[in-house]
Amino acid sequence: MALQPAAGARDLNPQQVDGNRTLVSELAKVYRLWGYEEVAPPTIERLETLQAGGGIDGRELVRLATEEALGLRPEMTASIARAAGTRMAGRSRPLRLWYTGPIYRCRQADGGSTSGGQQIVEELQSGVELLGGASAADDSELLRLLLACLRSLGLGQKHHTQLLLGHHGVLAALLEQVPAEQRTAARQALTGFDFLAIAALPLPEAQRQGLQRLMRLRGEPAAVLYQLEQLLGPCALLGNLATTVNTLASTAAAQGVGLSFDPSFQPHFALYDGLVLKVVCRGTDTAPVEIASGGRYDALVGRFCGLVGKATAAGMGFSFAVEPIRDLLEATVRAGLGSHRVQGPILVAYGQLSQLPQALDQLEALHRQGQAAELLSRPCASAAEAEQQAIRRSCSSTLWIA
Amino acid sequence: MITVALAKGGLLKDSVRRFAAAGLDFSSLLDPVNRQLRVESACGSARALLVRNADVPVYVAYGQAQLGVVGYDVLREHALPVAQLVDLGFGGCRMSVAVKASSGYRQAVDLPAHCRVASKFTRCAQEYFAALDLPVELIHLAGSVELGPITGMSEAIVDLVATGRTLEENGLIAIEDLFHSTARLVGHPLSMRLDHGPLQALVDRLAALSATPAAAAIPTAPTPVPAAAVAT
């Protein structure tokens with residue numbers, strides 16, 4: 001009999017569950033303050049919905065062995081976009097929704113080598129979606145909400161927090177300068193940070209050098225947007241981006257969150273068609289920790305709207321990866337980021353089995369006072385032994401009934 | 001601190017030499033008495049991890065090393081999400097299909113359909129024969145693949161060929177090349193995007209030292225940014 005969970009699945013201990021719940025509830029408090037309502041998208045969806053119009057590679061989906069083509073959600077945006085376009089179609093816009101729950105992805109160990117095995121990865125996510133607004137104000141609201149969440153979690157300069165921004169439209173406009181037949185390969189090379197693939201593209205030297213320069217273009221947003229204006233000329237897209245960046249620059253600086261605009265950055269899932277983002281921290285380890293990602297996905301919302309709603313379909317959101325944040329903040333969480341985990345319960349102990357009813361009465365009396373208390377499951381010889389048991393069980397004190 | 005994953009074996013000497021020329025001295029890795037798997041550069045500003053060939057892209061993909069040096073053959077076989085930054089030019093070899101010299105096969109398409117092909121690089125072999133539209137039965141071996149045709153277990157092998165001497169001494173000949181492989185400098189894409197300069201500067205120095213300066217320093221033409229554009 002197998003004694004370990006399936007590869008990739010999580011088997012959490014009480015401290016980890018408590019840590020996750022603390023973070024999720026901290027985030028929920030912020031979402032609620034900003035007027036967001038909780039929704040619970042289904043864990044199981046049709047594969048057609050989960051693939052998000054080709055934005056998500058079918059190989060990453062966990063499929064179910066059912067008659068209908070069903071799978072487990074690899075993220076929640078597609079399900080929420082479907083619900084917003086159908087069940088919540090009649091509600092006034094914008095819809096402000098938040099969610100939390102596990103997501104499931106298939107991963108080939110060893111990058112898909114024939115000798116590697118398949119793993120199902122389970123992750124806990126918490127996030128928001130703002131549906132129905134396509135203005136720069138919505139982009140700004142989402143980004144300021146993201147910063148408010150980071151502030152509430154205590155993530156800033158100490159964790160080298162960086163907010164990385166990109167824009168699908170800016171990248172598309174820059175690639176317009178590349179011949180159509182080379183555009184897909186050039187896009188792939190830029191987003192994959194593949195210098196050698198760019199060097200191998202059959203392009204005139206000047207265009208190739210232009211792409212190499214583009215791959216190096218990133219940094220402080222206002223400076224990068226200025227450089228982009230030199231390349232693309234003044235346009236509404238860059239103007240809107242500058243407005244969005246202006247609305248968050250000072251808040252980010254005050255919180256110690258670094259901002260960077262990177263025109264060749266695109267997230268892993270190709271759901272997005274506007275602003276894209278990723279939040280990265282650095283702990284004691286060398287490797288950067290990706291804690292949040294998201295972006296604008298108007299076309300995805302449009303897929304679930306009727307012809308009438310398609311033209312005005314809009315959506316944007318982000319999600320936090322809760323467990324990497326928990327690991328990053330472990331020390332802070334232990335010290336009590338939330339307020340509900342201050343001390344251990346009282347241990348109710350007794351000398352004789354005949355005193356059990358009295359011990360249970362005392363236990364419930366403590367519970368009625370809102371005090372956590374647990375019962376010692378067998379009589380013990382002395383108050384001193386009961387104290388020893390309390391220490392072993394991480395209890396704050398002992399109630400001895402003799 | 002910059003961390004670099006370097007492969008044990010044939011590429012190590014050239015890798016250490018190239019990094020030394022770029023300003024990072026990891027020569028303690030070449031000391032025969034050294035048993036440390038993680039060493040600091042002589043200047044103390046970087047460290048190197050000494051890992052097996054196939055593990056270099058793994059350390060880089062997980063971000064534990066920002067840079068790594070590994071053969072193109074390994075990158076093709078393991079297909080992990082790492083950024084290919086510079087073709088370092090050394091460690092040149094071919095990924096080839098080889099058969100018994102006495103077999104009469106002179107090109108890959110001569111092989112009979114559903115024949116057995118032994119290889120350490122089964123993904124590369126699978127892609128190659130799929131492109132030829134030739135169905136074959138692949139046998140994964142961990143090494144000494146030349147024994148496949150010698151013992152009669154397989155009709156052909158797909159393996160790395162540097163000088164061809166091992167093939168020749170075992171009565172085999174290479175009949176077709178899948179690709180040419182050299183050592184590549186690879187990077188962790190997200191670390192490259194978060195870099196504020198030092199990582200890219202090191203990549204540029206290594207590119208400038210390489211025979212094929214694919215990522216050699218392209219003038220970035222720093223356009224002066226007016227104060228108004230920066231002020232927010």
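Throughout, protein chains are lettered first and strands after them, A, B, ... in sequence-line order, and every chain is numbered starting at 1. Hydrogens, waters and symmetry mates are skipped; everything else that's a heavy atom, side chains included, is used.
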Within a reach of under 6.0 Å around CZ of B:Phe179, are more than 12 heavy atoms found that belong to other residues, nucleotides or ligands? yes

Rounding to 0.5 Å, atoms CD (B:Gln200) and CZ (A:Arg218) come to a distance of 7.5 Å

Name the region of A:Asp194, side chain, backbone, both or neither, that has any atom closer than 4.5 Å to a heavy atom of chain B. both

Does the B:Arg193 side chain pair with the main chain of A:Ser264, one donor and one acceptor, at a distance under 3.5 Å? yes

A:Arg208 CZ: over 12 foreign heavy atoms closer than 6.0 Å: yes

Within 6.0 Å of CD in A:Glu205, more than 12 heavy atoms from elsewhere: yes

Need one label for A:Glu290: side chain, backbone, both or neither, based on atoms under 4.5 Å from any heavy atom in chain B. side chain

Would the number of heavy atoms belonging to other residues, nucleotides or ligands and lying under 6.0 Å from OH of B:Tyr59 be above 12? no

As an exercise, state the distance from CG of B:Leu194 to CZ of A:Arg282, rounded to the nearest 0.5 Å. 6.5 Å

Derivation of the side chain to side chain contact (heavy atoms under 4.5 Å, CB included) call for A:Phe193 and B:Leu190: CA-CA 9 Å; A:Phe193 214 95; B:Leu190 191 55; over 6 Å; no

